[in-house]
Student: 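This is the structure, below, for whatever I ask next.
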Number of protein chains: 2
Amino acid sequence: MPTLTLGSLELAALLAVARLGNDAYGLAVRRDLTERTGRDYSIGAVYTTLQRLEDKGVLKSRTGEPQPFRGGRSRRHYAITGAGARALRDAERNTAALWAGFGSVRPEPA
Amino acid sequence: MPTLTLGSLELAALLAVARLGNDAYGLAVRRDLTERTGRDYSIGAVYTTLQRLEDKGVLKSRTGEPQPFRGGRSRRHYAITGAGARALRDAERNTAALWAGFGSVRPEPA
DNA sequence: GGCATAAGTTCTATTATGTAGAACAAATCG
DNA sequence: CGATTTGTTCTACATAATAGAACTTATGCC
């Protein structure tokens with residue numbers, strides 16, 4: 001297998017879906033991402049990322065029912081797959097290894 | 001300022017330079033990266049990344065003296081700049097925020 | 001009914017990062 | 001001086017990040 005890699009936004013989006021659980025759909029993921037990273041991602045950035053995650057098999061999606069309020073059209077709900085859960089565990093382990101034993105950073109004096 | 005962002009390999013390479021200190025040069029960074037990530041990066045990938053980090057101002061480099069052993073030509077030594085140290089602190093904080101309160105991942109039953 | 005408006009998603013493009021490997025350079029050894 | 005070793009640069013392409021317009025489907029209201 002050609003080693004699954006996740007970009008940093010992909011990982012953040014995957015985590016957002018994991019956290020949101022049943023409420024994981026495009027706009028909600030975007031809000032979560034904005035809050036958690038402090039950055040403002042365009043809606044297009046979010047959806048293309050979710051699409052890639054689905055292509056990679058770490059997410060799956062289904063179309064929900066329309067919502068009973070103004071503009072409440074049906075949402076595309078995302079959920080983590082088994083491969084996705086594994087990818088998250090791997091990412092967690094890799095991240096820990098990357099930062100392990102790293103105290104503070106001292107820049108060279110100019 | 002157009003918000004400095006670092007890709008995942010860029011961050012890993014920056015951390016490698018930080019760790020290696022005075023021994024931070026291309027091949028050593030590559031070795032460190034290989035050990036720490038378990039992945040085998042091509043030498044071209046490493047140097048391109050270091051170059052980009054320098055362009056972004058988080059690393060600076062100087063040419064060292066030739067080494068007194070076979071094939072020991074002069075090395076290009078890299079060091080973290082003040083902006084680099086800040087970037088690392090930011091990355092650390094962002095990473096922590098991203099994973100905060102994240103226990104285990106439960107995939108949806110198929 | 002039909003238009004304004006709101007929530008959502010899809011499409012189209014472009015730039016930034018990741019990645020490989022050949023080519024090139026400079027040292028020592030025999 | 002040719003083989004070998006360490007090290008760096010160059011060239012090219014693949015993948016991921018990112019934006020925003022366009023499109024779709026609801027409800028609210030006159």
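Values reported hereafter were calculated over all heavy atoms of this structure, with side chains retained and with hydrogens, waters and symmetry mates removed. Each chain gets a letter, A, B and so on, in the order the sequences are listed, and its residues count up from 1.
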Student: Would you say the side chain of B:Arg39 and the base of C:dG18 hold a donor-acceptor pair, judged only by whether the two atoms sit under 3.5 Å apart?
Tutor: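 A donor-acceptor contact between them is absent.
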Student: Using a 4.0 Å heavy-atom cut-off across all strands, classify B:Thr48 as base, sugar-phosphate, or nothing.
Tutor: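 Result for B:Thr48 = base.
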Student: Quickly work out the A:Leu50 CG to D:dA16 C1' distance and round it to whole Å.
Tutor: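 Checked: the CG to C1' distance equals 14 Å.
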Student: Tell me: CG of B:Asp55 to C1' of D:dT9, nearest whole Å?
Tutor: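 After rounding, the gap between these two atoms is 14 Å.
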Student: B:Arg30 has an atom CZ; how far is it from atom P of D:dG7, in whole Å?
Tutor: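 After rounding, the gap between these two atoms is 12 Å.
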Student: What is the distance, rounded to the nearest whole Å, between atom CD of A:Glu10 and atom P of C:dA16?
Tutor: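 To the nearest whole Å, that distance equals 18 Å.
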Student: Could you check which of C:dG8, C:dT19, D:dA16 has an atom nearest any side-chain atom of B:Leu9?
Tutor: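 Among C:dG8, C:dT19, D:dA16, the one nearest the side chain of B:Leu9 is C:dT19.
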Student: For B:Gly44 and for B:Lys56, locate the closest nucleotide of DNA chain C by heavy-atom distance; then report the residue assigned to the nucleotide nearer the 5' terminus.
Tutor: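 Between the two, 5'-proximity favours B:Lys56.
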Student: B:Gln51 near the nucleic acid: base, sugar-phosphate alone, or nothing, with a heavy-atom cut-off under 4.0 Å?
Tutor: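 No contact.
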Student: Of the options C:dT19, D:dA21, D:dT9, whose atoms approach the side-chain atoms of B:Ala45 most closely?
Tutor: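 Taking heavy atoms from C-beta onward, the closest nucleotide is C:dT19.
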Student: Rounded to the nearest Å, what distance is computed from the OH atom of residue A:Tyr25 to the P atom of nucleotide C:dA6?
Tutor: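 Whole-Å distance recorded here is 16 Å.
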Student: If I take atom CD in residue A:Glu54 and atom C1' in nucleotide D:dA16, what distance separates them, rounded to the nearest angstrom?
Tutor: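 Rounding to the nearest Å, CD of A:Glu54 and C1' of D:dA16 are 17 Å apart.
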Student: Any side-chain N or O of A:Tyr41 less than 4.0 Å from the OP1 or OP2 oxygen of D:dA19?
Tutor: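 Indeed not, no polar side-chain atom of A:Tyr41 lies that close.
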Student: Between atom CZ in B:Arg52 and atom P in D:dC10, what is the gap in whole Å?
Tutor: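 It is 14 Å, rounded to the nearest whole Å.
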Student: Rounded to whole angstrom units, what separation is found between the CD1 atom of A:Ile43 and the P atom of C:dA6?
Tutor: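 From A:Ile43 CD1 to C:dA6 P: 17 Å.
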Student: Applying the side-chain contact (heavy atoms from CB on, under 4.5 Å) criterion to A:Leu88, which one of A:Val58, A:Leu14, A:Val17 satisfies it?
Tutor: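 In the set A:Val58, A:Leu14, A:Val17, the residue that makes a side-chain contact (heavy atoms from CB on, under 4.5 Å) with A:Leu88 is A:Leu14.
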Student: Specify the residue among B:Gln67 and B:Thr49 whose closest nucleotide of DNA chain C lies further upstream toward the 5′ end.
Tutor: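 Looking at DNA chain C, the more 5' nearest nucleotide goes with B:Thr49.
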Student: Taking any heavy-atom pair under 4.0 Å as a contact, classify B:Asp40: base, sugar-phosphate, or nothing.
Tutor: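 B:Asp40: backbone/sugar contact only, no base atoms under 4.0 Å.
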Student: Determine, for B:Glu10 against B:Arg52, whether the closest basic-nitrogen to carboxylate-oxygen distance falls under 4.0 angstrom.
Tutor: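 Looking at B:Arg52 together with B:Glu10, the answer is no, because their closest N to O distance does not fall below 4.0 Å.
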Student: Base, sugar-phosphate, or nothing: which does A:Leu6 touch, judged by heavy atoms less than 4.0 Å apart?
Tutor: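 The answer is nothing, as A:Leu6 stays clear of every strand by at least 4.0 Å.
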Student: Is a donor-acceptor pair below 3.5 Å formed from side chain B:Arg73 to base D:dT6, judging by atom type as modelled?
Tutor: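 No pair found.
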Student: D:dT9, C:dT19, D:dT4: which one has an atom nearest the side-chain heavy atoms of B:Arg70?
Tutor: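 Ranking D:dT9, C:dT19, D:dT4 by closest atom to the B:Arg70 side chain puts D:dT4 first.
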Student: Pick the closest DNA chain D nucleotide for A:Leu11 and for A:Gly72 by heavy atoms, then say which residue is nearer the 5' end.
Tutor: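 First, find each residue's nearest nucleotide; the 5'-ward one identifies A:Leu11.
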Student: Nearest heavy atom decides the nucleotide; on that basis, is A:Gly71 or B:Arg31 closer to the 5' end of DNA chain D?
Tutor: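 It is B:Arg31 whose nearest nucleotide is closer to the 5' end.
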